[in-house]
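Note that the numbering runs from 1 along the sequence shown for the chain.
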Amino acid sequence: MTGNPYPLGLRLAGRRVVVVGGGAVATRRVPALLDAGADVLLVSPELTPALRAHVDAGRLRWEPRRFVPADLDGAWLVQAAVDDRAAAAAVSAAAAERRIFCVRADDRTAATAWTPAVTRHGPVTVAVLGGGDPHRAMTVRDAVRDLLGARKGPLLTPPVEQGPPADTGGERVTGRVALVGAGPGDPELITVKGWRLLTEADVVVADRLVPGLLLDELRPDVELVDASKIPYGPSRAQEEINRILVDRALAGKVVVRLKGGDPYVFGRGGEELLACAEAGVPVTVVPGVTSAIAVPAVAGVPVTHRAVAHEFTVVSGHVAPDSPDSLVRWEALAALRGTLVILMGLKNLAAISAALVAHGRAADTPAAVVQEGTTSGQRLLRSTLGAVAQDVVAAGLRPPAVVVVGDVVNALTL
Ligand code: SAH
């Protein structure tokens with residue numbers, strides 16, 4: 001075949017795509033077709049377990065037999081994912097008769113369409129054709145992926161809207177807000193999606209616990225609001241943060257609200273979501289790696305362990321157990337056998353451990369405290385429920401710290 005390939009982005013949602021073959025090639029091709037929303041018909045006497053899982057989940061239709069030309073009736077595209085040249089040629093011929101493009105795994109030169117090597121970054125898809133050489137395509141694709149994935153700023157940034165809301169034919173340009181979990185401290189523990197949104201932001205509103213190195217890498221023109229420096233009491237400060245998020249978004253800005261750990265674990269993310277929703281500002285939530293699980297993990301404490309703990313409970317220690325404001329039933333927690341993870345617990349640790357022991361949790365239950373987990377300042381203290389509050393004071397541990405109570409504390413110590 002001569003001539004250069006003509007690239008297209010096929011919009012396959014709801015459109016029939018036939019895949020002939022149920023082996024390794026089909027297993028690799030089917031997920032992208034499903035992701036595109038295609039109505040996939042798989043024709044093959046045999047299936048790999050991964051393909052069978054798609055069938056069982058109802059994501060595609062399977063005809064457990066060999067291909068017949070009528071399988072292509074109503075199809076927009078066909079993938080001949082079989083090694084057998086004669087079988088693939090039969091699929092090709094039936095496709096050509098119906099003017100349907102046919103991708104062939106067995107022989108690229110005989111195919112009417114080629115699948116590119118692909119890398120996806122949020123809304124951006126980069127597809128590379130290697131002039132008939134799939135290895136060349138993959139090499140170039142890998143280089144592009146590295147470039148887009150490199151923490152090098154705004155390659156993927158949409159054009160920045162400048163100034164006040166523009167009136168574009170009656171449609172007001174509004175920005176948007178993303179509530180992004182930054183992870184527990186190590187800047188590499190933000191999610192890929194969170195990182196991408198950060199590189200796209202015009203405004204970043206960051207918490208005290210957000211890894212500083214993430215902020216270090218922002219473009220110089222990004223407006224950085226340090227939410228921990230807002231000079232009011234906690235509830236006024238929250239109103240002020242909500243106001244900043246809404247105002248900037250209504251001014252057309254892309255706003256990232258960056259929070260330590262996960263936005264919804266003691267992060268007041270829900271309040272910010274409601275404030276944005278009330279103002280008609282679109283909001284996305286990007287979950288984060290929460291310190292409740294990650295900080296014990298990096299200190300060698302799994303929150304569950306076979307035959308040791310079949311549950312873990314995460315609780316805030318911010319409000320003292322005897323306070324009328326407490327929403328936590330410490331006596332109920334004391335009756336549990338599993339792992340207890342206490343965040344914001346250092347200040348009230350003496351009262352908390354005393355309450356747990358008073359309500360029946362054994363004083364010799366192992367306990368650990370991890371300060372500044374996942375950072376270079378990480379410190380670990382092992383103790384028992386009865387002694388942990390004193391030991392923390394003696395060791396001079398400071399917040400932020402996670403307290404873990406339960407037999408899992410020693411599960412990995414040999
Ligand atoms: N949304 C956060 C938690 C916010 S509450 C998350 O999902 O992780 C703040 C508390 O989290 C701190 O008081 C401390 O108990 C805990 N914390 C957060 N980061 C921590 C870290 N790196 N090391 C130890 N504790 C941490």
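The heavy-atom pair separating Ala206 from Leu224 by the smallest distance is CB-CD1, 4.3 Å. Residue Ser291 comes nearest to Pro296 through the heavy atom pair O-CD, 3.2 Å, listed as atom of the first residue, atom of the second, then distance. Contact record, Ser383 with Asp391: OG-OD2, 2.7 Å, taken as the closest heavy-atom pair. The two atoms that bring Ala355 and Trp330 nearest to each other are CB-CB, 4.4 Å, heavy atoms only. Between Pro184 and Leu189, the closest heavy-atom pair is CG-CD1, 3.8 Å. Across Pro5 and Trp114, no two heavy atoms sit closer than the pair CG-CZ3, 4.1 Å.
Remark: side-chain polar atoms of Thr339 are not paired, donor with acceptor, to backbone N or O of Gly406 under 3.5 angstrom. The backbone N or O of Glu188 sits less than 3.5 Å from a side-chain atom of Asp186, completing a donor-acceptor pair. Thr112 places a side-chain N or O within 3.5 Å of a backbone atom of Cys102 that can act as its donor or acceptor partner. Under a 3.5 Å cut-off, the side chain of Arg141 and the backbone N or O of Thr119 do not form any donor-acceptor pair. The backbone N or O of Leu397 lies less than 3.5 Å from no partner atom in the side chain of Gln371, so there is not a single donor-acceptor pair. Side chain of Ser326 to backbone of Ser323: no donor-acceptor contact under 3.5 angstrom is found. The main-chain N or O of Leu51 is found under 3.5 Å from a side-chain atom of Thr48 such that the two form a donor-acceptor pair. In this structure, the side chain of Asn348 engages the main chain of Gly317 through a donor-acceptor pair within 3.5 Å. At distances below 3.5 Å, not a single donor-acceptor pair connects side-chain atoms of Arg65 with backbone N or O atoms of Val43. Remark: side-chain polar atoms of Gln378 are paired, donor with acceptor, to backbone N or O of Thr374 under 3.5 angstrom.
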Handout entry: Stepwise side chain to side chain contact (heavy atoms under 4.5 Å, CB included) test for Val177 and Val246
Key = CA-CA 8 Å; Val177 171; Val246 167; over 6 Å; no
Practice task
Begin from the C-alpha positions of Phe312 and Ile293 and carry the test side chain to side chain contact (heavy atoms under 4.5 Å, CB included) through to its verdict.
Solution key: CA-CA 9 Å; Phe312 65 95; Ile293 298 170; 3.9 Å; yes
Practice task
Go through the steps for Glu223 and Arg248 under the test salt bridge (Lys or Arg N to Asp or Glu O under 4.0 Å), then give the verdict.
Solution key: CA-CA 10 Å; Glu223 182 194 0; Arg248 298 295 193 281; 2.8 Å; yes
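Annotation: side chain of Leu346 is in contact with side chain of Val403 (closest heavy-atom distance under 4.5 Å). Considering only heavy atoms from C-beta on, Ile244 comes within 4.5 Å of Val205 through its side chain. Side-chain contact between Val281 and Leu250 is present, with at least one heavy-atom pair separated by less than 4.5 Å. Residues Val265 and Leu343 meet the side-chain proximity criterion, which asks for heavy atoms closer than 4.5 Å. A heavy-atom distance below 4.5 Å is found between the side chains of Arg382 and Asn410. A 4.5 Å side-chain heavy-atom check between Ile230 and Ile241 finds at least one atom pair inside the cut-off. The closest side-chain heavy-atom distance from Pro287 to Thr191 is not below 4.5 Å. The shortest distance between side-chain heavy atoms of Leu129 and Pro116 falls below 4.5 Å.
Here Arg66 contributes atom CZ and Asp84 contributes atom CG; the two are 6.5 Å apart, rounded to the nearest 0.5 Å. A distance of 4.5 Å separates CG in Asp39 from CZ in Arg16, rounded to the nearest 0.5 Å. Taking CG of Asp71 as the reference point, atom CG of Asp73 lies at 8.5 Å (rounded to 0.5 Å). Taking CH2 of Trp195 as the reference point, atom CG of Leu214 lies at 6.5 Å (rounded to 0.5 Å). Taking CG from Leu198 and CZ from Arg219, the interatomic distance works out to 10.0 Å, rounded to the nearest 0.5 Å. Remark: Leu147 CG to Arg145 CZ distance equals 12.5 Å, nearest 0.5 Å.
Within 6.0 Å of CG in Leu327 there are 12 or fewer heavy atoms belonging to other residues, nucleotides or ligands.
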For residues 52-61, please give each side-chain donor-acceptor pair under 3.5 Å, one per line with the distance, not counting sequence neighbours.
residue : atom : partner : partner atom : Å
His54   : ND1  : Arg59   : NH1          : 2.8
Arg61   : NH1  : Glu63   : OE2          : 3.1

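With respect to Thr115, the side chain to side chain donor-acceptor pair (under 3.5 Å) criterion is satisfied by exactly one of Gln79, Arg28, Arg29: Arg29.
The stretch residues 271-281 participates, sequence neighbours left out, in these side-chain hydrogen bond (donor to acceptor under 3.5 Å, both in side chains) pairs: Gln238-Glu272, Arg257-Glu272, Lys259-Glu272, Arg268-Glu271.
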